[in-house]
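All of these numbers come straight from a predicted model, not from anything done at the bench.
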Amino acid sequence: MPPGQSCGPMFDAMSPPDLTNELGLSPVPEVGTVRLSDKDLQRADGCARIMLRGSESGTRIEDIFERSPIRVMFPRTGHRAVEEAVLINTAGGVAGGDRLELCVTALPGASIAVTSQAAEKVYRALNEPARVATRLKARESARLAWLPQETIVFNWARLHRTTEIELFRGAELLALEWLVLGRAAHGEVVIGGNITDSWRVKRDGRLTWADNFRITDEIFPHLHRKALLSDRHAIATLLYFGPHLDKRLEFLREIIPSLGCNCAATLVSGLIVVRFAAKESSDLKPALRSFLEQFGPEIGSGPFRVPKMWSC
């Protein structure tokens with residue numbers, strides 16, 4: 001290089017705005033200038049529909065449909081017929097704005113237990129609720145057990161869950177849903193959020209039972225009151241429809257003291273309704289397991305037992 005001359009830069013420095021324009025990217029808004037919504041984020045829209053029918057060789061799959069992130073599996077032991085269906089949420093949880101729809105139809109002669117692979121987790125939402133709709137239909141002579149694992153609700157989660165059931169004369173059904181407010185083992189305390197959990201039961205096309213459970217931001221600070229949850233953070237509702245209701249209600253009331261949690265059962269509109277409440281899920285799950293272990297044999301053979309997935 002001749003004396004007196006300097007070397008120019010090998011690369012031109014580019015400022016962040018110039019770099020953004022060069023790459024064709026949209027500029028990132030400054031913090032505080034944009035208020036994100038759950039609608040602005042990627043959300044799940046999953047669905048699963050199962051239809052089963054009885055046959056000479058046992059229950060067989062009549063029709064099935066699934067849309068991501070919901071998958072349906074039918075674990076079998078040897079050459080035995082279909083006995084249990086397992087629902088899997090491949091998204092790993094539920095967030096605000098998600099929509100999940102689950103439909104199970106048990107046609108005449110079918111006998112099936114439907115459960116979930118693991119506890120469902122409902123995470124914090126920005127402003128939109130996660131919507132979960134479950135539709136169960138039990139036709140004449142069908143036996144259907146809906147026994148998912150618990151739904152864990154995290155702080156500031158928003159959940160709108162509906163369970164719609166259609167029953168027909170001669171059918172038998174056991175349906176369970178349970179909620180856990182936070183993970184006690186991690187020291188979590190849920191102080192806010194929005195939960196709506198509703199049931200609708202129709203028998204031969206006529207509405208016979210409706211129930212709504214709702215907690216909002218304003219209610220959470222008062223859940224310790226005896227008139228509300230009395231510091232119970234794990235609750236469950238279980239419905240039974242079938243024959244010999246009076247006899248089975250009497251049996252349930254006899255085993256309730258052995259369950260180790262707050263529990264009561266009643267008969268209303270041709271349904272047995274059982275409520276459970278415990279301080280933690282570690283108390284509620286053994287109570288539900290004990291309930292099924294005692295009530296299942298009382299009903300007889302069929303799907304009304306502890307699902308295999310509860311032990312995995």
Side-chain angles (χ1 to χ4, degrees), residues 83-86 104 106 111-116 119 134 136 138 141-152 163 165 167 170-181 184 197 199 201 203 208-211 213 226-312:
E83 294 182 342
E84 189 171 299
V86 179
V104 182
S111 177
I112 188 70
V114 184
T115 187
S116 55
T134 301
L136 309 175
S141 73
R143 310 185 82 194
L144 172 60
W146 172 258
L147 300 170
Q149 300 195 57
E150 67 267 36
T151 296
I152 303 174
T163 304
I165 302 174
L167 299 169
E172 195 169 7
L173 172 131
L174 190 69
L176 168 72
E177 285 289 4
W178 41 320
L179 285 170
V180 177
L181 304 180
D197 197 9
W199 294 76
V201 179
R203 191 172 63 183
T208 58
W209 191 72
D211 183 68
F213 174 81
K226 289 186 177 180
L228 298 179
L229 293 185
S230 189
D231 270 339
R232 267 55 181 182
H233 302 118
I235 57 176
T237 296
L238 185 144
L239 303 183
Y240 173 74
F241 173 79
H244 314 300
L245 291 177
D246 291 328
K247 176 184 176 183
R248 286 169 179 173
L249 177 63
E250 183 180 351
F251 174 81
L252 288 179
R253 288 175 171 170
E254 289 176 357
I255 69 172
I256 279 175
S258 68
L259 300 181
C261 74
N262 293 82
C263 182
T266 189
L267 178 60
V268 55
S269 300
L271 291 171
I272 292 179
V273 181
V274 190
R275 306 282 198 183
F276 301 81
K279 286 188 175 293
E280 302 175 4
S281 63
S282 58
D283 299 321
L284 181 56
K285 191 163 190 174
L288 293 172
R289 178 183 291 273
S290 177
F291 177 93
L292 293 173
E293 289 172 346
Q294 296 181 70
F295 191 50
E298 172 69 13
I299 299 176
S301 61
F304 310 115
R305 60 184 184 278
V306 180
K308 299 181 182 68
M309 292 304 300
W310 283 27
S311 301
C312 295

*First locate atom CG of Leu292, then atom CD of Gln294, and finally report the distance between them rounded to the nearest 0.5 Å.*
10.0 Å
Validation: residues 278-288 side-chain donor-acceptor distances under 3.5 Å, sequence neighbours left out:
from	atom 1	to	atom 2	distance (Å)
Glu280	OE1	Ser282	OG	3.2
Lys285	NZ	Gln149	OE1	3.2

_What's the separation between atom CG in Leu181 and atom CG in Leu229, rounded to the nearest 0.5 Å?_
7.0 Å
*Donor-acceptor under 3.5 Å (Thr115 side chain, Leu147 main chain)*: yes
*Contact summary for Gly302 and Ser111, nearest pair of heavy atoms*: CA-OG, 4.1 Å
*So Leu271 and Leu167, side chain to side chain contact (heavy atoms under 4.5 Å, CB included) or not? Walk me through it.*
CA-CA 11 Å; Leu271 291 171; Leu167 299 169; 4.0 Å; yes
_Restricting to non-hydrogen atoms, name the atom on Ala119 and the atom on Ile152 that form the minimum distance, rounded to 0.1 Å._
CB-CD1, 4.0 Å
Which pairs would a plain distance check flag for residues 248-255, meaning a side-chain donor or acceptor within less than 3.5 Å of a matching protein atom at least two apart in sequence or in another chain?
from	atom 1	to	atom 2	distance (Å)
Arg248	NH1	Glu172	OE2	3.4
Arg248	NH1	Tyr240	OH	2.5
Arg248	NH1	Pro243	O	3.2
Arg253	NE	Ala265	O	3.3
Arg253	NH2	Ala265	O	3.0

*asked:* Once rounded to the nearest 0.5 Å, what's the spacing between atom OG1 of Thr163 and atom CG of Leu239?
replied: 9.0 Å
*Side chain to side chain, Pro303 and Ile112, heavy atoms closer than 4.5 Å*: no
*ring-ring contact (aromatic ring centres under 6.0 Å, His included) evaluation trace for Trp178 with Trp310*: CA-CA 14 Å; Trp178 41 320; Trp310 283 27; 5.8 Å; yes
_N/O donor-acceptor pair under 3.5 Å between Ser269 side chain and Thr208 backbone_ = yes
*Validation row: Phe241, Ile165 side chains within 4.5 angstrom (heavy atoms)*: no
*Do you know the tightest heavy-atom contact between Met309 and Ser116?*
CB-O, 3.8 Å
_Shortest non-hydrogen contact from Cys261 toward Ala277_ = CB-O, 3.6 Å
*At what distance, to the nearest 0.5 angstrom, does CH2 of Trp146 lie from CG of Leu174?*
13.0 Å
*Check each of Leu238, Ile256, Val306 against Phe291 using the side chain to side chain contact (heavy atoms under 4.5 Å, CB included) test, and report the only one that passes.*
Leu238
*List the atom of Arg232, the atom of Ser230, and the distance in Å for their closest heavy-atom pair.*
NH1-O, 3.0 Å
_Within the 4.5 Å heavy-atom criterion, are Trp209 and Val273 side-chain neighbours or not?_
yes
*asked:* Within this structure, what is the CZ-CD1 distance for the pair Phe213 and Ile235, rounded to the nearest 0.5 Å?
replied: 3.5 Å
*Roughly how far, to the nearest 0.5 Å, is the CG atom of Leu144 from the CZ atom of Phe304?*
7.5 Å
*Audit row: Leu179, Glu150, side chain to side chain contact (heavy atoms under 4.5 Å, CB included) steps and yes/no*: CA-CA 6 Å; Leu179 285 170; Glu150 67 267 36; over 6 Å; no
